[in-house]
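Along the sequence shown, the residues carry numbers beginning at 1. Please read all numbers here as calculations on a predicted model, not as lab measurements.
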Amino acid sequence: MLWLQDCWTKVVLQNMGLAVAAQFQIVSGQKGLWSSHAVHSGSAPALPAGGITALEAVNLWKRHFAERGVTEPDHSSHYIIAHLFGAKTLESLDQRRLTEFLSPEKTEQMWKLCSRRLSRMPVQYVIEEWDFRDLTLKMRPPVFIPRPETEELVELMLTDLEMKLGTGVGADAQQTCLEVGCGSGAISLSLLTSLPQLKAIALDQSQDAVDLTGENALRFGLQDRLQIHHIDVMKDAETLLSLCSDVSALVSNPPYLFSEDMTTLEPEIFQFEDHAALDGGKDGLKVIKQILTLAPQILSNHGRVYLEVDPRHPLLIQHWVEENVQEMHYVETRHDINGRPRFCILRKEKSNKEHKLDLD
């Protein structure tokens, strides 16, 4: 019996190694990701010859992650085993299930997923989904993973839009929101879910992001209220302007990292997420300036721009807008839950008129 178990262990590890290698082959072709952090089957801890319970597997991988310098080792192992059991958290599982031996299939699945996490792949990509507010979104590399701060951005937008769509100004008119840089569609889909009368337009420079947003829209039955376009705001300004006008709100969680900060990122971010969704240029404002330059030609009167930015940006943005975009008024800066100046709100003050597109 022990000999049979040893043979089964070898087969599981061999299959796991082949599957992980195939996964690396597929993804390594995307923008050079993973090139220097490939996982080898020997990196994984050996399976105990007598089998293993879910709880033992969680603790084993937690220790292994910690030894290998993987961030949040406990959360990583918890999320993965919960996912295998179709749950969100370990706490929601029956204790009996955690102390039973895993089936060979479940053990192999866990070793595959944990080996990917061992490569520093974010757990969101490992389990291929993540919760954002009330939505469980599909996730896959290299599409940008939404952060908790962006949930706060959605909350402050909803406060404004609910008033506008309720008894406020413009309550009787159709309201449309434009999202620049949609990633997985987290912002647009959250707004549409909360506001049934709202329509949205989402765009991204990444075809991967456009495709994923489309899949998530279908997942929640929101495809009829969301237009999705593969547009690079830096290169396709004329196309964008031809598609969007009289938009009530423009929202963006744009690339805002200073270029010099890119090399300080954790491997989970630097190796796996799309750099174009992160790097905002020398001062982190390259894309933000473009958005604000185009905003007066996109927004309806009194339409607003909502931006998630680096805490160093709000004052820089305010001064730049005052000097360069006369029709936009800087309304206020909002702080995130940690007290950092994180969100900028601006408003269009003048009526639409003929503009000469000058993006220099």
Is the side chain of [X] donor-acceptor paired with the backbone N or O of [Y] at a distance under 3.5 Å, no angle test?
X      : Y      : result
Ser245 : Ile298 : no
Tyr125 : Val143 : yes
Arg133 : Ala186 : no
Asn324 : Trp320 : yes
Glu179 : Ser188 : yes
Ser115 : Ala44  : no
Asp274 : Pro142 : no
Ser194 : Leu191 : no

If you round to the nearest 0.5 Å, how far is SG of Cys114 from CE of Met121?
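Reported value, rounded in 0.5 Å steps: 12.5 Å.
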Is the charged tip of Arg312 near the ring of Phe258: under 6.0 Å from the six-membered ring centre and within 45° of its axis?
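Flagged: Arg312 positioned over aromatic ring of Phe258.
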Decide yes or no on side-chain contact (heavy atoms from CB on, under 4.5 Å) for Val70 and Arg120, but give the supporting numbers first.
CA-CA 6 Å; Val70 174; Arg120 304 303 291 269; 3.9 Å; yes
Does [X] reach the side chain of [Y], with side-chain heavy atoms less than 4.5 Å apart?
X      : Y      : answer
Leu243 : Leu203 : no
Asp204 : Thr213 : no
Gln297 : Lys348 : no
Phe272 : Ser119 : yes
Ile231 : Val233 : no
Ile269 : Leu278 : yes
Val123 : His75  : no
Asp283 : Lys289 : yes

For Asn338, does the CG atom sit with more than 12 other heavy atoms under 6.0 Å from it, leaving out its own atoms?
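Yes, enclosed.
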Determine whether more than 12 heavy atoms belonging to other residues, nucleotides or ligands lie under 6.0 Å from atom NZ of Lys235.
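No, because the 6.0 Å sphere around NZ of Lys235 holds 12 heavy atoms or fewer from other groups.
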Verify side-chain contact (heavy atoms from CB on, under 4.5 Å) between Asp134 and Thr193, making sure each step is shown before the conclusion.
CA-CA 9 Å; Asp134 297 327; Thr193 301; 6.0 Å; no
Ion pair [X]/[Y], N-O distance below 4.0 Å:
X      : Y      : result
Asp160 : Arg347 : no
Glu308 : Arg147 : no
Glu215 : Arg140 : yes
Arg96  : Glu100 : yes

What are the two closest non-hydrogen atoms of [X] and [Y], and how far apart are they?
X      : Y      : value
Met262 : Phe270 : O-CD1, 3.3 Å
Phe220 : Thr136 : CZ-O, 3.2 Å
Arg334 : Leu156 : NH1-CB, 3.7 Å
Lys88  : Tyr79  : O-CD2, 3.9 Å
Pro314 : Thr333 : CB-OG1, 3.6 Å
Pro73  : Lys62  : CB-O, 3.5 Å

Might you work through the side-chain contact (heavy atoms from CB on, under 4.5 Å) test for Thr53 and Leu98, ending with a clear yes or no?
CA-CA 6 Å; Thr53 69; Leu98 296 177; over 6 Å; no
Decide yes or no on salt bridge (charged side-chain N to carboxylate O under 4.0 Å, His left out) for Lys112 and Glu108, but give the supporting numbers first.
CA-CA 6 Å; Lys112 284 180 182 178; Glu108 181 179 358; 3.7 Å; yes
Out of the candidates His64, Glu72, Glu268, only one should pair with Arg117 under the side chain to side chain donor-acceptor pair (under 3.5 Å) rule; please name it.
Glu268
Going by the angle between their ring planes, with limits at 30° and 60°, are Phe65 and Trp61 parallel, tilted or perpendicular?
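Judged by the thresholds at 30° and 60°, the geometry between Phe65 and Trp61 is tilted.
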Donor-acceptor pair between Glu266 and Thr71 side chains, under 3.5 angstrom
no
Set out, in order, the CA-CA distance, both residues' side-chain angles and the distance that settles salt bridge (charged side-chain N to carboxylate O under 4.0 Å, His left out) for Arg340 and Glu149, then state yes or no.
CA-CA 10 Å; Arg340 297 170 296 188; Glu149 292 87 349; 3.1 Å; yes
Stepwise side-chain contact (heavy atoms from CB on, under 4.5 Å) test for Val287 and Tyr256
CA-CA 8 Å; Val287 177; Tyr256 59 67; over 6 Å; no
Testing Leu178, Leu292, Val321 one by one against Val305 for a side-chain contact (heavy atoms from CB on, under 4.5 Å), which residue passes?
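Only one option passes, and that is Leu292.
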Would you kindly confirm whether Leu226 and Leu212 end up in one hydrophobic cluster when ILVMFWY residues are joined by side chain heavy atoms under 4.5 Å apart?
no
